[in-house]
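We count ligands from 1, going down the list as the structure has it; atoms in each ligand are counted the same way. Remember, predicted model here, so these are calculated numbers, not experimental data. FYI, the numbering just counts along the sequence from 1.
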Amino acid sequence: MLREAYSTSLHCVQAQEGMSVSPDVIAKIEEGYAKLQAAPECHSLLKKYLTKEVVDQLKDKKTKLGATLLDVIQSGVANLDSGVGVYAPDAEAYTLFKPLFDPLIQDYHNGFAPDAKQPNTDLGEGKTAGLVDLDPEGKYINSTRIRCGRSLQGYPFNPCLTEANYLEMESKVKGIFDNITDPELAGKYFPLDGMTKDVQDQLIKDHFLFKEGDRFLQAANACRYWPKGRGIFHNNQKTFLIWCNEEDHLRIISMQEGGNVGQVLERLIKGVKTIEKQAPFSRDDRLGWLTFCPSNLGTTVRASVHIRLPKISAKPDFKSICDGLKLQIRGIHGEHSESEGGVYDISNKARLGLTEFEAVKQMYDGIAHLISLEKAA
Ligand SMILES: Nc1ncnc2c1ncn2[C@@H]1O[C@H](COP(=O)(O)OP(=O)(O)OP(=O)(O)O)[C@@H](O)[C@H]1O
Ligand SMILES: NC(=[NH2+])NCCC[C@H](N)C(=O)O
């Protein structure tokens, strides 16, 4: 099964041609290294950890599917404003290119050391009632969202997927979505291929659908055959949604208006348990649930609120307060976007080295603290 899924991949074809990395690819890796070094405006984790020694150690390595260090670094080389700058083309890349991934992962995920191990999954079943509404009067929080990512066993990540893989994966997960009977979760799958621009734009504008043309993903070779095999499942209320084959094979999302984190998590747990009964997902003993980007490994959980904190967000130390609470600030249309109308997307930053429930709790406790600061300001 594994071999079948991989057999037609671009990299696999290259791998069959010989296991050595071509001089052309090695030259591009070295040019990439030089470009990063020559760019004072670049502050990515890639630049920080891609030392000359690491380049020399890894430039002639290839995964079994034929992925090289170039596949890992090319997005961060093309996009000097990357925060992270690397992706794993397949699961093996995390071990083969360890000298780059391990320190980068440690830096991103609160010191998760090379010998650290992701704890067992604990989504927080039975504990959601403790997460009472963060903003019962509706003064600060517009909405709450919790998402996690999953990779289907037997398939590599985007750059190594063929068009046939994408279509097969889409058809498998669509079959699973069609079997959802719980009235709170049941809904319909909408493929991107054939969706009208108006419908797509509206879903993006309303924060339900992934955006189009992400240059970080494009440069990582993650958007091939787009829109084939991509799409979104959602229930009627658009409170339970699943993205298919954007950055990860699946992104499972629960969201609703207001600050009731417990309700949002409860629905996510129900959704994840329903889907995982029918689809085996890739999990690594050390790194937890496997994802395309190292920033999402482990729990894969990003729990966020859209929040207005006009007083404290205007202060120069707002970012450092959030850093201290292990929170990440994004703009109103997600990653790499700006705040509009004073609304910020604030979420837990680390996803690895803690449980899913702890990741949600990190956001919950941090936001409770920010609201108390806002009230006192
Ligand atoms: N609390 C929230 N309420 C409403 N919409 C949200 C909330 N958090 C995120 N979103 C929306 O979800 C969409 C996706 O955001 P974004 O791409 O930043 O995050 P993500 O899905 O966690 O994935 P990634 O980290 O890979 O980018 C955006 O439209 C964003 O505005
Ligand atoms: N969606 C993600 N994987 N986000 C994290 C990193 C995104 C992008 N590659 C960067 O380095 O800025």
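With values rounded to the nearest 0.5 angstrom, Tyr225 atom OH is found 6.5 Å from Thr162 atom OG1. Separation of atoms CD (Gln118) and CG (Leu290) is listed at 10.5 Å; rounding is to 0.5 Å.
Within the listing of ligand 1, atoms 16 (P), 18 (O), 19 (O), 24 (P), 25 (O), 27 (O) sit less than 4.0 angstrom from a heavy atom of Arg330. Taking every non-hydrogen atom of Ser304 and a distance limit under 4.0 Å, the qualifying atoms of ligand 1 come out as 1 (N), 2 (C), 7 (C), 8 (N), 9 (C). Per-residue contacts place Trp243 under 4.0 angstrom from the following atoms of ligand 1 (heavy atoms of the residue considered): 14 (C), 21 (O). Numbered from 1 in the order shown, with element, the atoms of ligand 1 that lie under 4.0 Å from a heavy atom of Met255 read 4 (C), 5 (N). Shown in contact with Ile332 at under 4.0 Å from a heavy atom are these atoms of ligand 1, numbered in order with element: 31 (O). Near Val305, the atoms of ligand 1 lying under 4.0 angstrom from a non-hydrogen atom of the residue are 1 (N).
In terms of protein heavy atoms, atom 3 (N) of ligand 1 is closest to Ser143 OG, 2.6 Å. Here the heavy atom of the protein found nearest to atom 25 (O) of ligand 1 is Arg147 NH2, 2.8 Å. Closest to atom 10 (N) of ligand 1 among all protein heavy atoms lies Arg145 CD, 3.4 Å.
Ion pairing between Asp81 and Arg215 holds under the 4.0 Å rule for side-chain N and carboxylate O. Taking the charged nitrogens against the carboxylate oxygens, Asp182 and Arg267 have no contact shorter than 4.0 Å, which rules out a salt bridge.
Under 3.5 Å, the side chains of Asn158 and Arg224 contain no donor-acceptor pair of N or O atoms. Counted by atom type alone, Trp226 and Gln218 present zero donor-acceptor pairs between their side chains at under 3.5 Å. Counting only N and O atoms by type, the side chains of Glu170 and Tyr189 include a donor and acceptor under 3.5 Å apart. For the residue pair Arg283 and Thr121, a side-chain donor N or O sits within less than 3.5 Å of a side-chain acceptor on the partner.
Of the listed options Arg302, Glu247, Arg251, Glu335, Arg251 places a heavy atom closest to atom 23 (O) of ligand 1.
Within 6.0 Å of atom NZ in Lys174, 12 or fewer heavy atoms from other residues, nucleotides or ligands are found, so the atom counts as exposed in its surroundings. In the displayed structure, Lys211 atom NZ is contacted under 6.0 Å by more than 12 heavy atoms of other residues, nucleotides or ligands.
Val343 belongs to a hydrophobic cluster with Ile332, counting contacts under 4.5 Å between side-chain heavy atoms of Ile, Leu, Val, Met, Phe, Trp and Tyr, direct or through other members.
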Tabulating one pair per line, provide the atom names and distances (0.1 Å) for every N/O atom of ligand 2 that is less than 3.5 Å from a protein N/O atom.
residue: ligand 2; atom: 1 (N); partner: Glu247; partner atom: OE1; Å: 2.9
residue: ligand 2; atom: 1 (N); partner: Glu335; partner atom: OE1; Å: 2.9
residue: ligand 2; atom: 3 (N); partner: Glu247; partner atom: OE1; Å: 3.4
residue: ligand 2; atom: 3 (N); partner: Glu247; partner atom: OE2; Å: 2.7
residue: ligand 2; atom: 4 (N); partner: Glu335; partner atom: OE1; Å: 3.2
residue: ligand 2; atom: 4 (N); partner: Glu335; partner atom: OE2; Å: 2.5
residue: ligand 2; atom: 9 (N); partner: Tyr87; partner atom: OH; Å: 2.8
residue: ligand 2; atom: 11 (O); partner: Gly83; partner atom: N; Å: 3.1
residue: ligand 2; atom: 11 (O); partner: Val84; partner atom: N; Å: 2.7
residue: ligand 2; atom: 11 (O); partner: Gly85; partner atom: N; Å: 2.9
residue: ligand 2; atom: 12 (O); partner: Gly83; partner atom: N; Å: 2.9
residue: ligand 2; atom: 12 (O); partner: His336; partner atom: NE2; Å: 3.0

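Phe208 does not count as a contact of ligand 1, since none of its heavy atoms falls under 4.0 Å from the ligand.
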